[in-house]
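Below: one structure, written as structure tokens.
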Amino acid sequence: MSRMLVTGGTGYLGRVVVRQSAAIGHTVAATHFSQMPPDLPGVIWLPLDVRDPQVIEEAIGQLRPEIVIHTAFQQSGPDLMPTTAEGAGYVARAAAAVGARLIHMSSDVIFDGELTRPYREDDPPAPISPYGLAKARAEALVAKAHPQAVIVRTSLIYGFTPIDRISRFALDVAAGRVSAHLFTDEYRCPIYVEDLAAALLELAGMSYHGILNIAGADRVSRYELGRLIAQAWGVDPADIRAGLSATTLPPRPRNCTLDITKAQALLRTRLRGIYAVLRDLGRIEEMEG
Ligand SMILES: NC(=O)c1ccc[n+]([C@@H]2O[C@H](COP(=O)([O-])OP(=O)(O)OC[C@H]3O[C@@H](n4cnc5c(N)ncnc54)[C@H](OP(=O)(O)O)[C@@H]3O)[C@@H](O)[C@H]2O)c1
């Protein structure tokens, strides 16, 4: 078992990584920023701002983790670049300095979504949004500071306890609390948070380095995803309206389907598509997919 550090331990993915990690016997330290940390037996919590390189160096220098899983980020706002890009570079540099294995979380929105086949690990970033730009810069900084790092590109992360923000939005749209169209021409490969965390922990114990796509096996449109989520929560999806990403400004990456062949060959953890997850959890009856 290893000494593990999870940045963004209060985040949606981070919490599950921390919980699973402690459950399999790792010694877990985790960071929080604006939220109070949850009470998880045996987990050491430390406040950390990834914009501050000195604080990161000191924290990682003292903890001397063998594995760092970096999930902390900001999706927008003035702290986007300092946190999401520069902060990732600082974490990578500090992890490299103590010889820790690093798993850095990246995103499918580093792509413009215009490719007509699924994106592979060797496809170069081509971001079209500020968030995509920050995540692409983070990848470059991480690779430079820690050449042995694993850069995991993933897709929409969903779960049930608690509900994630994408599912919450879909339920709000289905119930008419929010007025929005869900796109029929924007494709992603949503991954169940428990599967993603398990895959990351399996990867932590391996020697693989470089980029790896880890996403769910099903490619679905935002509209299809919204309908599925509504059904999974027992909400009638009939009122979800369909729209087109192609006619929306600013432009959004439309087809960010990730090719997960490599991860499927490498990992024992099943990267289930959303249909399989919802069936396995008994949230939908037999459906196509
Ligand atoms: N969610 C998705 O659908 C999705 C899709 C693709 C890729 N990803 C990637 O997966 C990772 C995790 O995403 P998530 O949705 O689980 O994140 P999240 O729930 O938004 O959590 C973000 C975490 O970052 C921490 N944080 C924010 N600013 C910080 C700062 N300046 N210093 C230190 N920590 C800071 C937050 O701490 P506090 O809460 O304590 O403030 C929180 O723990 C991210 O790298 C993201 O890019 C996510």
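We count ligands from 1, going down the list as the structure has it; atoms in each ligand are counted the same way.
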Ala138 versus Ala85, closest heavy-atom pair with distance
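Heavy atoms of Ala138 and Ala85 come nearest at CB-CA, 3.8 Å.
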For a quick test of reading the model, state the closest non-hydrogen atom pair linking Glu121 to Arg153 and the distance between them.
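Scanning both residues completely, I find the closest heavy atoms to be O-NH1, 3.5 Å.
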At the 4.0 Å heavy-atom cut-off, does Ile166 count as touching ligand 1?
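Right, Ile166 reaches ligand 1.
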Does Tyr131 come within less than 4.0 Å of ligand 1, judged by its heavy atoms?
yes
Taking heavy atoms and a distance under 4.0 Å, where does [X] meet ligand 1: side chain, backbone, both or neither?
{"X": "Val50", "result": "both"}
{"X": "Trp45", "result": "neither"}
{"X": "Lys135", "result": "side chain"}
{"X": "Gln35", "result": "both"}
{"X": "Arg165", "result": "side chain"}
{"X": "Leu48", "result": "backbone"}

Between Glu66 and Arg101, does any NZ, NE, NH1 or NH2 come within less than 4.0 Å of an OD or OE carboxylate oxygen?
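No, no charged N to carboxylate O under 4.0 Å.
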Do the charged groups of Asp195 and Arg270 touch, with an N to O distance under 4.0 Å?
no
Going by heavy-atom distance to atom 31 (N) of ligand 1, choose the closest among Asp108, Leu156, Asp49.
Asp49
Tyr12 neighbourhood, listing ligand 1 atoms whose heavy-atom distance to it stays under 4.0 Å:
16 (O), 18 (P), 19 (O)
Any donor-acceptor N or O pair under 3.5 Å, side chains [X], [Y]:
{"X": "Glu202", "Y": "Thr269", "result": "yes"}
{"X": "Gln148", "Y": "Tyr208", "result": "no"}
{"X": "Ser245", "Y": "Glu186", "result": "yes"}

Considering non-hydrogen atoms of the protein only, which is the closest contact for [atom], and what is the distance?
{"atom": "atom 21 (O) of ligand 1", "answer": "Gly11 CA, 3.2 Å"}
{"atom": "atom 29 (C) of ligand 1", "answer": "Phe33 CD2, 3.4 Å"}
{"atom": "atom 28 (N) of ligand 1", "answer": "Gln74 NE2, 2.8 Å"}
{"atom": "atom 37 (O) of ligand 1", "answer": "Thr10 OG1, 3.3 Å"}
{"atom": "atom 17 (O) of ligand 1", "answer": "Phe73 CE2, 3.1 Å"}
{"atom": "atom 4 (C) of ligand 1", "answer": "Ile157 CD1, 3.6 Å"}
{"atom": "atom 5 (C) of ligand 1", "answer": "Ser155 O, 3.0 Å"}

Assign the ring pair His32 / Trp45 to parallel, tilted or perpendicular, where the plane angle (0 to 90°) is split at 30° and 60°.
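The arrangement is perpendicular - the two ring planes meet at more than 60°.
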Can you label the angle between the Phe160 ring and the Tyr192 ring as parallel, tilted or perpendicular, going by 30° and 60°?
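Rings of Phe160 and Tyr192: tilted, as their planes differ by 30° to 60°.
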Cluster partners of Leu102, using ILVMFWY side-chain heavy atoms under 4.5 angstrom, listed by chain and number?
Leu5, Leu46, Leu48, Val50, Val55, Ile56, Ile60, Leu63, Val68, Tyr90, Val91, Val98, Val142, Ile151, Ile211
